[in-house]
Every structure is written in C-alpha cells, then in structure tokens.
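Within every chain, numbering begins at 1; the chains are lettered A, B, ... in the order of the sequence lines, protein sequences first and strands thereafter.
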Number of protein chains: 2
Amino acid sequence: MRDVAAAAGVALKTVSRVVNGEPGVNPATAERVHEAIRRLGYRRNESARLLRAGRTASIGLVIGDVSDPFYSGLSRAVEAVARRHGHLLFTGVSEEDPALEREIVLAFCARRVDGLVIVPAGTDHGYLCPELEAGVVVAFVDRPPGPGLEADTVLSDNAGGAAQGVAHLIRHGHRRIAFLGDSPAIFTARERLRGYRDALAAAGLPYDEALVSMGRPDPQRVRAALAAMAALPDPPTALFTGNGLITTHVLRALAARPGPDRPALVGFDDLELADLLTPGVTVVAQDPAGLGRTAAELLFRRLAGNRGPAQRVLLPTRLIVRGSGEIPPPARVA
Amino acid sequence: MRDVAAAAGVALKTVSRVVNGEPGVNPATAERVHEAIRRLGYRRNESARLLRAGRTASIGLVIGDVSDPFYSGLSRAVEAVARRHGHLLFTGVSEEDPALEREIVLAFCARRVDGLVIVPAGTDHGYLCPELEAGVVVAFVDRPPGPGLEADTVLSDNAGGAAQGVAHLIRHGHRRIAFLGDSPAIFTARERLRGYRDALAAAGLPYDEALVSMGRPDPQRVRAALAAMAALPDPPTALFTGNGLITTHVLRALAARPGPDRPALVGFDDLELADLLTPGVTVVAQDPAGLGRTAAELLFRRLAGNRGPAQRVLLPTRLIVRGSGEIPPPARVA
DNA sequence: GCCCCTGTTGACAACGTTGTCAACACGCCG
DNA sequence: CGGCGTGTTGACAACGTTGTCAACAGGGGC
C-alpha cells in the first residue's frame, strides 16, 4: 500500500480511501491510484484490516470426524451460512477427543474468531468461560455443552426419533426389541435410549436389560452383543440401532445370518444406498444440514447483536420406511 | 498485553518475553508477569503476532462438495497434516463452480494464507499467477490446474484404475462393455474414459460410441442413457461407471430391472455398504485420504523452503472385487 | 577508580491497515 | 476583501504483537 501511494504520488490514506471506495476522492486522483494498483498488482491485506477493525470475519467449526457423512453435511451447511455472512470458516476435527477439542477451540480463540460452532466431544466446557467473557460467541450443535454453560444449542429430537422408530417396530407386531447404541457417555446415545424406553413404556412393553447393549461402535463389540442376544432363551425379533455406524455393523453381521430368523431392523441415521439393500432398511433420519444451518444462523444472529437468553432448538427427525420391520419384501425403487 | 504490563509494573516487551518464554528474564519478574496474566485472564492475540511475523500459519482448502465422501476423506487428511504443522485450516466449498472457486481462492489469498490446496473446478487459473508471485504456495489435488501453471499436483491413476476395472470385466468374458461417465469437461472423467479405451484396445475389442455416455451425474440422464443402450440391437452385458454418484444412480436403475439380463457392473470409487448389496459391487477404489495427505505434505515441503520443480504424483487405485462381473453370486461377508 | 562484561529491562519502530482530525485550496456570499 | 463552507488531501495514532538496540546496574579484574 505504501508502494502504491508512492507510485501514485499520494498519501497512504488516499490509497486506503480508494481501495475502500470511500467518497471524497477526486476522480482523477482515484484513477491514478487505480492505475498504480494495477501496475503493482497490489491486493489489500485482509488480516491487517481486520486486526485494525477488531474482528476477524471468521468463525471456527469443531466436529468429530469429517468422514462421517453426518458431519460433512453439517459442515457444508455451516460453511454456506458463513460465506453468506462474509465470513471464512476454520474447520477443526476433534476425533471425539475432549482434550483435542479443547486444544482446537483455544487455537481458534487465539486467532480471535468471531464465533464458534461446536459439536462437543467433552462434557466440561469450563475452559470456554474466559473466552465467552472476552466476547466470543458459541453455538453448540448435535449435543449440548457441559453443565454451567449457557449457549445456543441445536439438537435433533433424539428421544422422539428413537421412540418413533421403535414404535414402528411395535406397530409391526414386535414385542422383543433390542437396542444397540453408542457409549452411554455420549449424550445422543443416552437420549436415543430414553426414546426407546419411552416407546416400550407407551406400548406397555417391559424393559429388559438383556436386550440393551451400549458401547463403542466397533464391529467386534456389535457382533458379540448380537450373538449374546441371539443366545437368549427369548431372543429379540427386532433391533433398533442407535447410529449409522452401528447400523452398518449390524447389517454386516446379519448378512452372515440370512434366513427367516433374521430380526427386523430400524436404525437411527439414514444410510446412503439403504434403499438398495435387500431388505431395505427403515431409518430415523436426521437433518445434518438443518442442524448446521440452524446453529450457524443462531450464531450470526448473536454476532449481529441479539442478546436474548440462550436458545435450545430441537429439530425433528423423519422416519423413512423402507420395508424393514415386516417380512422381507421385494426391493423398492426410490 | 498493555494491561498485563501495567499490572505487573513492567514494560510491554517484558510481557512479550515472558509469554514467548524468551531467556533473559529475571525469574522473580517472570513470576510477577505470570501472576498478572492469570489475574487478568490474558491470552495472546495470535493474529496480531502473525501479522507482525508476516505469516498466518493457516492454509486454505477448496473442494467441490464436502458431502461427497471422497472430499470429506480428503479434507480430513489435509486438516490432520495442517495441524501437525501447527497450521489452521480454512475450508471453502466451490460447488464445482469456477467463479465461486476463484472467489474463495482470492478471499483466502486476501487473508494471506501461507498455502492452498485446491481441487480445481475451473480450467483457467491465470488469476492465481499474481498470488504465486506474491509467495503463496499451491498444491492441486484430484485434477490438474489449467494450462500455463506450474504447481505440485496429486492425482489418482484414473486411466490406470479404469483400465484395471474394465479389464476385470473383460477377464470375466464380457465383450460389450458400456462406459457411463461424468461430463467430459471434467479431467477425471476424460482420464477414466481413456483408461476404458486403453483396456478395450489392449484386449483387441472395438470402441463403440453407442456404448459411451458422458454428462451430468443426475438420475434422469443416467436412466435415459441406460435405456438407450438396452434398446440397442447388441446391448451391453456389462457397465463401467465413472464415479460413485453415477454408480449409485445405475444401481437404482438396475434395481428396477432385476433378473438374468441384468448387466454386470464395475464402478469407479468405493461405496459405503457396497459389500452388502446383492450382488456385491466391484469397484476401483481411490485413496481420498492419501490424495489429501500427499498434497498437503508437498505443500508444507514447499513452505519449508523446497524449491524443486513442480511435482506430479500419481496415486494408485485399488480394485476391490465383490462378485460383480460374474453371474450374481450369493452375498459375501466382508 | 576505571573499564568491561553480563544480566535485565525498556523505548521505539515496525507489520498493513483505518479512524480522527487538521490543513489546504477554491469559490461564493455579504 | 474577509469569512465561510466544501471538496480534497495528508499526518498521525491506533489495532496487538515482536525485533532491534540502547540503557542501566552490579560485579570482577586491572
């Protein structure tokens, strides 16, 4: 900028005015400056401008794992909203590790991002308090923050969706329905279990701990849990799986056990190609893009000055019936 | 920082020294400063530091669409490498639109990112030249940059992989093999077509334009192309699909037409759940994470000062045989 | 007592911008 | 001709940090 000023024979400030299209510059002078800008290939340093302005026009997004389609739909939506508001997006991946999450969040704060959208892995977000006081705005999505923190939060209706899925199985005559979920340390897993219990209770069915298995969503654990349930004197005739990964593990395990004793299956989270499987898989679908968009929009509303109390938004889920829960029908075309 | 200095009764510079752990500070003074930092909850402004330092310790990633699992695996790898090098990652989504890509890239450059990893949507990257001269480092991934630009590029072996997939079909006795690919405007689509032709030529089979359809990967177009081919006097007995999206469209179309005249199928790109379909889908799998990692590592090698000529890295693909290309076998367990 | 060396500290400028305010020239009005 | 408003321009400080260099005090050797 200094070079441009020298080349055009004007002061720094005049170049700044021209660059920002401020009024009150002689058209002839402006043309000289533009000429110099072109000749020197000058481009304003946005970081410096923002340092001066005291904002960064950027927000940070912390997710668990981009390669999960749930998170990628969510990040895409956040990115779109950020760009619409003229902000750039930092993306960080916590790998579901609270320590890493904290490290990433603090790195974002050190860059003075204007706001944060967080899919929290940890349960203690005390480390955020100083940042909040410093003016950073935070929205949580998919899971609520740890206790003691007031912040906008956007969640799926996990309990309601799970209840809907389980009710679907009950409507189709199932009485012994198993629940295979993620670790109870995870908020969504607990909520979905709650929905499962609600649905059983609503139908007057007993809750049987032997039909519930929660833990890490790895293939061995899922396979072992399935085997244990199959060995019960009164094995389940239907399964409700607590997330997409577990659904796929169960599908793989069931593929090894075809035939009429194959239990029905309803899963939380939609799966790509789920409609092409035989039998089709009925799912409770979330709206990842809706979650991301809503959270980002709440964030920008705060950045625009909204000082209301923290909101908690619950997004509905959608039951997509694809023929499971009945006797295996022929494949349906979407 | 000024407040900390005042609180500790020292000069600004001393606080800076303490914060950076520079030697030559009296331990007692350092303790006073630490005390003040704690009391005031001071946290260094990284943006200001980097402005001073003349770097931003951030890189930009431009991809076409996060919700495509190919891109999400790639971005995850880039993010991991960036963090390992102490850099933050800006993510931008071009939606495969050259104008948007350009806008995002220039926005990143205006922030003075140290480097860029780009999955190019456009074919003219002339707008990057001034940025390159200004010292930005760029690595292209998945597709090469437009002509006239020398930059590190990491590609999958598109032609080789396609040839391998088509050869698999030929080995299983197919002589009429169709190619359904993305728009010929897309580099990878052209390369995969080339591989298809190579494999035919290597087997002494004729190239029949009636068996080739390229265009936007939307369901209607794919369905129409399939119908047209099925209506040929000598319809194809096997299909090679040019990317994952087209493969799923073809699978949906084929699901409506079961039976023994169903053509065999091999697709470029692996699909989640592909092993659970009946029949299983054989694919030519790329390594999205490998692409991202390699591109990011080349980038950081440049940032570390490597001044060699631009490299072009070709990553191998992997044929995953899942029983397609033969008469439909029973489902296999992974 | 003088000099030099070392350890500690601070003043100042700089990174690349923009906000504030003052200066200047010009023309118009009274 | 003096005063004043307007249009144009520039000097300076500031954003929050760090590099450069100088200043100062204390101690040891001559």
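In this model, the phosphate group of dT18(D) is approached by a side-chain N or O of Ser16(B) to a distance below 4.0 Å at OP1 or OP2. Residue Thr29(A) has a polar side-chain atom (N or O) positioned under 4.0 Å from OP1 or OP2 of dT9(D).
Among residues two or more places apart in sequence or in another chain, the ring-ring contact (aromatic ring centres under 6.0 Å, His included) test is passed with Phe300(A) by His85(A), His87(A). Looking at residues two or more places apart in sequence or on another chain, you find a salt bridge (charged side-chain N to carboxylate O under 4.0 Å, His left out) between Arg39(A) and Glu35(A). Partners of Asp142(A) under the side-chain hydrogen bond (donor to acceptor under 3.5 Å, both in side chains) rule, at least two apart in sequence or in another chain, do not exist in this structure. By the side-chain hydrogen bond (donor to acceptor under 3.5 Å, both in side chains) test, Arg17(B) is found to be paired with no residue, residues two or more places apart in sequence or in another chain being considered. Applying the salt bridge (charged side-chain N to carboxylate O under 4.0 Å, His left out) rule to Arg216(B) yields the partners Asp218(B); only residues at least two apart in sequence or on another chain are considered. Residues satisfying the salt bridge (charged side-chain N to carboxylate O under 4.0 Å, His left out) criterion with Arg112(B), sequence neighbours excluded, are absent altogether.
A heavy atom closer than 4.0 Å to some atom of DNA chain C occurs in Leu12(A), Lys13(A), these being the qualifying members of residues 3-15 of chain A. Remark: Leu51(A) in residues 31-51 of chain A come within less than 4.0 Å of DNA chain D through at least one heavy atom.
In this structure, Arg102(B) places its CZ atom where only 12 or fewer heavy-atom neighbours from other residues, nucleotides or ligands lie under 6.0 Å away.
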Identify all side-chain donor-acceptor contacts of residues 305-312 of chain A below 3.5 Å with residues at least two apart in sequence or on another chain.
| residue | atom | partner | partner atom | Å |
| --- | --- | --- | --- | --- |
| Asn306(A) | OD1 | Gly308(A) | N | 2.9 |

Determine all donor-acceptor pairs shorter than 3.5 Å in which one atom belongs to a side chain in residues 292-299 of chain B; sequence neighbours excluded.
| residue | atom | partner | partner atom | Å |
| --- | --- | --- | --- | --- |
| Thr294(B) | OG1 | Gly290(B) | O | 2.6 |
| Glu297(B) | OE2 | Arg84(B) | NH2 | 3.4 |

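Rounded to an integer number of Å, the gap from CZ of Arg55(B) to C1' of dA14(C) is 17 Å. Note: CZ (Arg111(B)) to C1' (dC15(C)) measures 17 Å, nearest angstrom. In this structure, CE of Met1(A) is placed 13 Å from P of dC15(C), rounded to the nearest angstrom.
Map Val19(A) and Arg2(A) each onto its nearest nucleotide of DNA chain C; the residue landing nearer the 5' end is Arg2(A). Comparing Arg52(B) and Asn26(B) along DNA chain C, the residue whose closest nucleotide (by nearest heavy atom) sits nearer the 5' end is Asn26(B).
When distances run from any side-chain atom of Glu22(A) to the nucleotides dG19(C), dT9(C), dT8(D), the shortest one goes to dG19(C).
Sorted by first and then second residue, the ring pair (Phe, Tyr, Trp, His ring centres under 6.0 Å) pairs involving residues 9-58 of chain A (not counting sequence neighbours) form an empty list.
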Contact pattern, 5' to 3', of nucleotides 21-27 of chain D - B, S or - by protein heavy atom under 4.0 Å: -------
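At a threshold of 4.0 angstrom between heavy atoms, the contacts of Val25(A) are confined to the sugar-phosphate backbone, with no base atom among them. Within the nucleic acid shown, Gly54(A) has no heavy atom closer than 4.0 Å to any nucleic acid atom.
Arg143(A) has a carboxylate O that lies under 4.0 Å from a charged side-chain N of Glu96(A), or vice versa, which qualifies the two as a salt bridge.
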